[in-house]
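One structure is given below, encoded as structure tokens.
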2 protein chains.
Amino acid sequence: MPKIVDHDERRREVLTAASRVIVRDGIDAATTRAIAKEAGYSNGVLAHYFTDKDEILLSALRQSHQHIRERLARKVDAASGLAALRELLLDNLPLDAERTQETRLEVSFWSRSLASERLAEVQRAEAAELRSAVRDLLGQARAAGELTSDQSLDDLTEQFLALVDGLSLHLLLYPDRLRRADLERLLLRFVDQVITDISG
Amino acid sequence: MPKIVDHDERRREVLTAASRVIVRDGIDAATTRAIAKEAGYSNGVLAHYFTDKDEILLSALRQSHQHIRERLARKVDAASGLAALRELLLDNLPLDAERTQETRLEVSFWSRSLASERLAEVQRAEAAELRSAVRDLLGQARAAGELTSDQSLDDLTEQFLALVDGLSLHLLLYPDRLRRADLERLLLRFVDQVITDISG
């Protein structure tokens, strides 16, 4: 009798193995061979599920984002406006082991995207979703009177996303200079600063 | 008669070639062979000046930072405090072709540094210099009464540096979403926001 294979499960296993290799050894080291070895499958099995290495890498990035979205949905739950925005932004910082792995994965894709248009396209689509979520929450905050800043929602969104990525990166690169508590404080202070800012 | 070789000049040529390869093809593609080809020298000539590929990459990063420091010294010249800080922060954004290349080089090193302690050490030392320059200018601004925020100089410094790197990255990754004029506006607005912010 042929063995029954759960293809979705196997696909997930390969992607999780790929993420582990990228996070541990760097994205350069994440060859198809290294990923197959980490997952405990042959190159042939991988070839059955993915056309090439880029497809594995991109699917691993999407899987990580899907996981983040599901976690965040549980966290914000009934919250809206500024409270939900704070949760979303904090959730994007590497404040625990899981999110540190996620940030390492993210940073690994940044430089890679600069050299590959195919990766860049997927990265842009994924980033657009996050951008739109932040913008929507800012819109809710403004409607609820929580946001008195006269800056455009687009500008506020870009400032928040830039700060989140900059702080996340710096915690990974400069662990002696910044700690997790610093990141949280700096982000929350920034939110307070900009939401009430009126130019002039 | 033996040919007279200008070793410093040759070293600079190799590093400039290395930067070109990293910026154009990505840091993965910057093999010793590719760098030698780009520079028009043999692998043997490169081996005479550098012990290995990492040394070439790190020297290229340092050369870029040295160039940035010299340019900045010319720009700020007699300025101090907030005026000099604004110049320094803007100079770190990819607002023209030259600085776009510099930012691409920088981003390429971020993920690489996460996988290599040797690269990470150099990156940290270089970043510490920039951090200290920003902090000094903030100190001057406070002494001159230009900075009324009650945040610590360390916190302000980290916020500025995070925003600069986040905005720079996002311009490269999302060129359809952000333009150079946006970056400049977002950064200057942020400076105005935080320098006058009093908590509470």
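Letters A, B, ... mirror the listed sequences (proteins, then strands); counts begin at 1. What you are looking at is a predicted structure, and each value in this text was computed from that prediction instead of being measured. The basis for the numbers below is simple: all heavy atoms, side chains too, and nothing from hydrogens, waters or symmetry mates.
Between the CZ atom in A:Phe190 and the CG atom in B:Leu163 there is a gap of 6.0 Å [rounded to 0.5 Å]. The CG atom of B:Leu161 sits 10.0 Å away from atom CG of A:Leu167, with the distance rounded to the nearest 0.5 Å. In this structure, B:Asp28 CG and A:Asp28 CG are separated by 4.0 Å, a value rounded to the nearest 0.5 Å.
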Evaluate the side chain to side chain contact (heavy atoms under 4.5 Å, CB included) criterion for residues A:His170 and B:Asp165: first the C-alpha distance (whole Å), next the side-chain angles of each, then the deciding distance (0.1 Å), finally the verdict. CA-CA 9 Å; A:His170 290 178; B:Asp165 275 350; 2.6 Å; yes
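Applying the 6.0 Å contact sphere to CZ of A:Arg33 captures no more than 12 heavy atoms from other residues, nucleotides or ligands. Under a cut-off of 6.0 angstrom, the local environment of CZ in B:Arg185 is crowded, with over 12 non-hydrogen atoms contributed by other residues, nucleotides or ligands. Summarising the local packing, NZ of A:Lys37 is surrounded by 12 or fewer heavy atoms from other residues, nucleotides or ligands at distances under 6.0 Å.
The shortest heavy-atom contact between A:Leu173 and B:Ser113 is CD2-CB, 4.0 Å. B:Ser108 and A:Ser111 get closest at one heavy-atom pair: CA-CB, 3.7 Å. Shown here for A:Gly26 and B:Ala115, the closest heavy-atom pair between the two residues is CA-CB, 3.9 Å.
Contact of B:Arg24 with chain A is not made at all, since no heavy-atom distance falls under 4.5 Å. Contact annotation for B:Gln151: both backbone and side-chain heavy atoms come within less than 4.5 Å of a heavy atom of chain A. Residue A:Ala127 touches chain B through both its backbone and its side chain, counting heavy-atom pairs closer than 4.5 Å.
Ranked by heavy-atom pairs under 4.5 Å with chain B, the first of A:Asp25, A:Val194, A:Asp192, A:Leu169 is A:Leu169. Considering only heavy-atom pairs separated by less than 4.5 Å from chain B, the leading option among A:Ala162, A:Ala120, A:Ala128 is A:Ala162. Counting heavy-atom pairs closer than 4.5 Å to chain B, the top-ranked of the candidates A:Leu156, A:Leu114, A:Val107 is A:Leu114.
Of the candidates A:Asp182, A:Leu171, A:Leu183, A:Leu178, B:Glu158 forms a side chain to side chain contact (heavy atoms under 4.5 Å, CB included) with just one, namely A:Leu178.
One finds no salt bridge joining B:Arg177 and A:Asp154 here, because no Lys/Arg side-chain nitrogen approaches an Asp/Glu carboxylate oxygen to under 4.0 Å. By the 4.0 Å N-to-carboxylate-O rule, B:Arg131 lies too far from A:Asp176 to be salt-bridged with it. Ion pairing between a basic and an acidic side chain is recognised when a charged N comes within 4.0 Å of a carboxylate O; B:Arg189 and A:Asp155 show no such pairing.
Under the 4.5 Å side-chain heavy-atom criterion for ILVMFWY residues, a single connected hydrophobic cluster contains both B:Leu58 and B:Val23. A:Leu89 and A:Leu82 fall within the same hydrophobic cluster, defined by Ile, Leu, Val, Met, Phe, Trp and Tyr side-chain heavy atoms under 4.5 Å apart, directly or through other members. Criterion: ILVMFWY side-chain heavy atoms under 4.5 Å apart, direct or through other members. Under it, A:Leu95 and A:Phe160 are part of a common hydrophobic cluster. Put simply, B:Val191 and A:Val191 are part of the same group of oily side chains (I, L, V, M, F, W, Y) that touch within less than 4.5 Å, one to the next. Note on A:Ile68 and A:Leu90: separate hydrophobic clusters, where clusters join Ile, Leu, Val, Met, Phe, Trp and Tyr whose side-chain heavy atoms are under 4.5 Å apart, directly or indirectly.
B:Tyr174 places a side-chain heavy atom less than 4.5 Å from the side chain of A:Gln123.
Of the possible donor and acceptor atoms, one in the side chain of A:Gln159 sits under 3.5 Å from a partner among the backbone N and O of B:Leu186.
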